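Notes follow the structure.
From a predicted model like this one, the values you see are computed outputs, not experimental measurements. In what follows, chains carry the letters A, B, and so on, assigned in the order in which the sequence lines appear, proteins first and then strands, with residues in each chain numbered from 1.
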There are 4 protein chains.
Amino acid sequence: VQEPSCHPVRVGAIRVGGPGLVVMAGPCAVESAEQILGVARAVKAAGAHMLRGGAYKPRTSPDSFQGLGRPGLELLVLARHETGLPVVTEVMDPRDVALVAQYANVLQIGARNMYNYPLLREVGQAGLPVLLKRGMSATMEEWLLAAEYIRAGGTDTILLCERGVRGTPSMARNVLDLGTMVLAKRQSGYPVVADPSHAAGRRDLVIPLACAAVAAGADALLVEVHPDPDRALSDGQQSLSPEQFVALMGRVRQLCRLAEPVVEGGE
Amino acid sequence: VQEPSCHPVRVGAIRVGGPGLVVMAGPCAVESAEQILGVARAVKAAGAHMLRGGAYKPRTSPDSFQGLGRPGLELLVLARHETGLPVVTEVMDPRDVALVAQYANVLQIGARNMYNYPLLREVGQAGLPVLLKRGMSATMEEWLLAAEYIRAGGTDTILLCERGVRGTPSMARNVLDLGTMVLAKRQSGYPVVADPSHAAGRRDLVIPLACAAVAAGADALLVEVHPDPDRALSDGQQSLSPEQFVALMGRVRQLCRLAEPVVEGGE
Amino acid sequence: VQEPSCHPVRVGAIRVGGPGLVVMAGPCAVESAEQILGVARAVKAAGAHMLRGGAYKPRTSPDSFQGLGRPGLELLVLARHETGLPVVTEVMDPRDVALVAQYANVLQIGARNMYNYPLLREVGQAGLPVLLKRGMSATMEEWLLAAEYIRAGGTDTILLCERGVRGTPSMARNVLDLGTMVLAKRQSGYPVVADPSHAAGRRDLVIPLACAAVAAGADALLVEVHPDPDRALSDGQQSLSPEQFVALMGRVRQLCRLAEPVVEGGE
Amino acid sequence: VQEPSCHPVRVGAIRVGGPGLVVMAGPCAVESAEQILGVARAVKAAGAHMLRGGAYKPRTSPDSFQGLGRPGLELLVLARHETGLPVVTEVMDPRDVALVAQYANVLQIGARNMYNYPLLREVGQAGLPVLLKRGMSATMEEWLLAAEYIRAGGTDTILLCERGVRGTPSMARNVLDLGTMVLAKRQSGYPVVADPSHAAGRRDLVIPLACAAVAAGADALLVEVHPDPDRALSDGQQSLSPEQFVALMGRVRQLCRLAEPVVEGGE
């Protein structure tokens with residue numbers, strides 16, 4: 001009954017899909033140097049392995065904050081320099097892939113873009129690992145075939161991220177579909193990441209859903225953390241405060257070991 | 001971040017919603033003395049606390065096996081006498097409630113009958129704890145108001161059972177909606193039970209979903225076990241063999257403690 | 001491309017599933033003599049063929065108005081005597097079937113009870129046509145097998161009623177699934193009824209959805225009409241006023257002919 | 001109860017959203033000169049107003065036929081020259097918008113790209129009307145805000161196309177959500193187009209769903225027609241043959257008038 005192993009994806013000194021859970025945490029959007037540095041230090045101190053944060057944000061309304069763009073990428077690099085945490089960040093436009101790839105360690109494809117095939121081909125050529133979120137109502141087959149577009153571009157270091165599906169009368173914004181997550185890993189051999197923040201859509205469900213995902217076999221978590229969630233420019237209602245993130249890490253450590261850096265030459 | 005406590009429901013020497021996880025296991029349907037006794041012994045040996053099994057089965061087709069009826073109830077009592085495991089069994093018809101209540105320890109309302117208000121009122125008058133499954137696409141409000149029908153009948157020892165919801169492109173038959181499970185407990189104070197078997201609809205997802213539910217905060221699990229799943233008269237494709245159930249219990253014990261019998265006078 | 005014919009169901013002098021559209025209209029619940037007589041006269045004057053109205057109401061909360069019960073049935077008979085309109089009314093409890101059958105011309109099974117198999121068997125033995133609503137998230141196969149439970153009881157005069165399904169991000173409360181309605185008729189040979197009121201869940205969508213259903217091939221419509229919708233004891237937000245029902249009939253007449261009474265001996 | 005008027009969109013001599021129904025028909029993908037010319041002549045003869053056909057196809061698998069690209073656009077222009085039918089065709093990549101705009105009369109955004117905001121901004125700057133399909137599980141709010149991205153680019157000649165939503169147990173591939181279509185028109189003032197082919201996902205439901213959409217108030221239909229559906233390189237199972245399209249037009253003409261060309265100076 002042990003879940004079959006997958007092909008680990010190396011990001012810096014960390015292996016996603018190897019032994020131990022990987023935690024990626026940070027704000028929905030990069031807002032300022034103070035904000036991203038504060039969060040980066042806090043999540044690093046709590047045990048996170050990677051920093052997430054968006055410089056290009058796919059917002060439902062054209063009048064909402066769309067991200068800082070290139071200056072946001074520069075702030076992510078600043079935070080990486082200070083904390084050593086590799087950076088996961090989203091890219092939305094095939095014309096931006098080369099630029100974003102200069103700054104990021106992992107390129108994220110958001111749920112809204114899972115069917116954006118020109119973008120998938122382009123990120124597949126960028127030479128970086130890709131975190132591919134499942135579309136809001138995508139079947140597993142569509143999800144794995146979207147990964148094939150990335151692979152057709154030349155990349156096979158892919159992380160599949162389950163972030164919940166629509167279409168149910170759930171109290172969560174989306175239902176975290178852990179059964180499909182488990183089978184997607186079994187069938188594809190890619191490591192799987194769970195995003196309890198977007199599944200929950202509300203802060204008070206993030207910890208139980210994170211624990212559930214870990215127990216079901218997630219290789220990594222992707223968690224939204226903001227220094228002052230009620231003032232976040234996006235997704236504040238589902239972001240944890242740094243203190244709540246510490247609590248999450250405590251609960252998760254009761255369920256499993258965290259990943260440890262690969263010691264070069266030491267294996 | 002500790003989940004708030006609920007009002008435990010006492011069944012025999014066991015408290016559901018107290019410290020420790022309660023496991024209810026057994027076949028979808030009672031088929032024969034040999035079958036139910038064999039399963040009861042096996043799940044008891046593996047650590048289960050209660051025996052589940054149906055004598056009245058709500059089957060999609062009128063031509064499918066509909067359960068043994070009263071002789072099935074007698075076989076459940078036989079298994080209880082031999083193993084000491086209290087019995088959870090379904091009732092579908094308000095005219096059968098008084099009869100089933102003579103045999104059962106917990107009356108189960110299936111997902112198909114969550115909106116069957118005359119039945120809910122009737123089980124509410126039977127003087128036994130009721131396990132109320134969430135309807136296939138019920139909202140949390142509808143589920144908790146269905147519990148109100150039971151309470152209006154006179155019973156407040158209610159267990160809310162999440163068994164997955166329809167309407168998503170999941171690889172599981174239904175998506176186990178753990179967020180709603182958590183909030184239903186917080187809002188109502190009733191203990192919550194997860195049914196990974198009906199959520200999964202396929203054997204190979206039962207263990208990961210059971211673990212997920214426990215990590216999210218389920219007070220109990222309801223699991224289908226059959227001595228020979230491929231020959232089961234119903235739900236065979238989602239039933240665990242006794243060996244697989246032992247594996248499930250092993251995995252669950254890594255995540256939490258199991259409930260222990262209440263020692264009278266010793267508290 | 002003409003839709004195949006079905007087995008018409010005779011109700012009084014009207015054939016559902018014969019040439020011409022049948023319209024069943026009336027309030028969600030019978031509230032008083034004045035209310036039901038007023039609506040019955042109004043819908044008759046506008047061209048409706050049958051009167052709908054509930055004496056037993058399956059309400060989400062036990063604290064909501066549950067229907068007048070037997071006095072409600074007597075008021076329906078009063079309205080039938082005055083207008084000549086046959087009566088469609090819901091039954092929820094197998095123990096009430098014999099009683100309701102003394103008053104009704106068509107027994108209605110609501111969406112909440114589509115999986116209530118003891119009830120289906122019982123109405124199948126009552127010797128009256130049955131209007132079977134599709135469950136909120138039922139598959140076509142489940143719906144047609146529910147009809148088999150009725151047929152197993154002895155009745156094959158069955159009307160299948162599509163009332164919308166859950167699980168989509170629609171602005172309507174439920175999405176009227178006209179494709180499944182069409183195929184259910186083709187496969188089973190039963191006439192099909194559309195309920196635009198419960199699909200819409202809001203008054204301002206009832207007319208367009210009624211027209212859509214007729215154009216797709218519905219044999220009958222089931223429409224909620226109330227003399228003063230804003231004061232209705234149930235479902236007011238989706239009920240048409242008598243004036244709005246006249247407008248609906250006008251629109252529907254532009255799309256198709258209405259059914260005419262069968263002249264005995266004259267065919 | 002007459003539906004409120006909208007702001008018509010002029011395409012060649014035709015007004016979508018003016019009096020009379022507009023029909024856009026043609027193959028899923030342009031495959032060859034013979035195929036597209038044959039279909040164009042056939043749908044023109046049957047009364048269609050515009051030709052649809054894809055040169056860039058968003059296919060679920062990277063190994064499926066992806067469209068002919070620029071040569072496909074040239075074949076569409078050839079068909080327009082011969083028949084006079086304006087061309088609706090899809091664009092998937094913001095880098096292709098300028099090119100496609102040289103050939104098309106209406107730019108189509110497919111359901112998979114409704115959330116592709118860089119693409120929406122780009123088509124908004126192309127100076128052509130845009131047909132915006134609703135995402136597979138998009139809310140009305142998300143759909144109308146996607147239109148705002150196009151408007152922010154500079155275009156307000158937008159056609160909203162309902163093509164069915166996922167997430168229900170329908171026998172159709174997607175459920176045509178006519179209630180949301182009606183409200184989207186009321187709220188935005190944009191004309192609405194229904195795509196019964198993608199909603200149905202099967203040929204035998206296209207005509208009833210087309211009729212339903214027209215009766216509910218669609219301003220236009222978008223219908224897949226192929227000279228030999230069983231040999232189509234994509235979407236064959238939902239394409240009508242030319243003969244079936246003639247039947248569809250006959251049924252639709254019984255429900256409403258078709259749009260007629262605007263006579264310049266004659267209004």
Side-chain angles (χ1 to χ4, degrees), chain A residues 1-3 134-143 164-187 194 196 199-202 204-218 240 243-244 246-248 250-252 254-256, chain B residues 1-3 134-143 164-187 194 196 199-202 204-218 240 243-244 246-248 250-252 254-256:
Chain A
V1 292
Q2 211 55 37
E3 285 301 320
R134 181 180 175 195
M136 298 179 188
S137 59
T139 64
M140 186 177 91
E141 187 191 14
E142 290 170 342
W143 191 17
V165 284
R166 278 199 173 170
T168 64
S170 182
M171 294 299 287
R173 191 172 54 184
N174 301 292
V175 181
L176 200 59
D177 181 6
L178 296 170
T180 298
M181 181 189 82
V182 166
L183 291 174
K185 178 177 177 177
R186 282 190 203 156
Q187 184 164 325
R202 47 190 287 171
D204 62 353
L205 286 180
V206 172
I207 292 179
L209 294 183
C211 292
V214 169
L240 299 185
E243 294 70 33
Q244 290 166 328
V246 169
L248 178 147
R251 290 281 294 276
V252 158
Q254 294 173 354
L255 295 173
C256 69
Chain B
V1 293
Q2 211 56 34
E3 284 301 319
R134 181 180 175 194
M136 299 179 188
S137 59
T139 64
M140 185 176 90
E141 187 191 15
E142 291 170 342
W143 192 17
V165 283
R166 279 199 173 169
T168 64
S170 182
M171 295 299 287
R173 191 172 55 182
N174 301 292
V175 182
L176 200 59
D177 181 6
L178 297 170
T180 298
M181 181 189 82
V182 166
L183 291 174
K185 179 176 177 179
R186 281 188 203 157
Q187 183 163 326
R202 45 189 288 172
D204 62 354
L205 285 181
V206 173
I207 291 179
L209 293 183
C211 292
V214 169
L240 300 184
E243 295 69 33
Q244 291 166 327
V246 169
L248 179 146
R251 291 280 293 277
V252 159
Q254 295 173 352
L255 295 172
C256 68

Please name the pair of heavy atoms, one in [X] and one in [Y], separated by the smallest distance, quoted to 0.1 Å.
| X | Y | value |
| --- | --- | --- |
| B:Ala215 | A:Arg251 | O-NH2, 4.3 Å |
| A:Ala212 | B:Ala216 | CB-CB, 4.0 Å |
| B:Pro208 | A:Val182 | CB-CG2, 3.9 Å |

## Note on the structure
From the list B:Asp177, B:Thr168, B:Val175, side-chain contact (heavy atoms from CB on, under 4.5 Å) with A:Ser170 holds only for B:Asp177
### Leading residue by heavy atom contact count with chain A [cutoff under 4.5 Å; candidates B:Ala213, B:Ser137, B:Ala172, B:Pro196]
B:Ser137
#### Entry: Partner chain B: residue of A:Leu183, A:Val165, A:Leu209, A:Val214 with the largest heavy-atom pair count (under 4.5 Å)
A:Leu183
### Message
At a heavy-atom distance under 4.5 Å, which candidate from A:Met181, A:Met140, A:Glu141, A:Met171 has the highest pair count against chain B?
### Response
A:Met171
## Note on the structure
So salt bridge (charged side-chain N to carboxylate O under 4.0 Å, His left out) across residues 207-217 of chain B, not counting sequence neighbours, yields none
### Task
Below 4.5 Å from any heavy atom of chain A, which atoms of B:Arg134 appear? Answer side chain, backbone, both or neither.
side chain
#### Entry: Heavy-atom contact with chain A under 4.5 Å, split by part of B:Ala138
backbone
### Task
Please name all residues satisfying salt bridge (Lys or Arg N to Asp or Glu O under 4.0 Å) with B:Arg166, sequence neighbours left out, ordered by chain then number.
C:Glu142
### Task
Kindly indicate whether the side chain of B:Leu178, heavy atoms from C-beta on, has any atom under 4.5 Å from the side chain of A:Leu176.
no
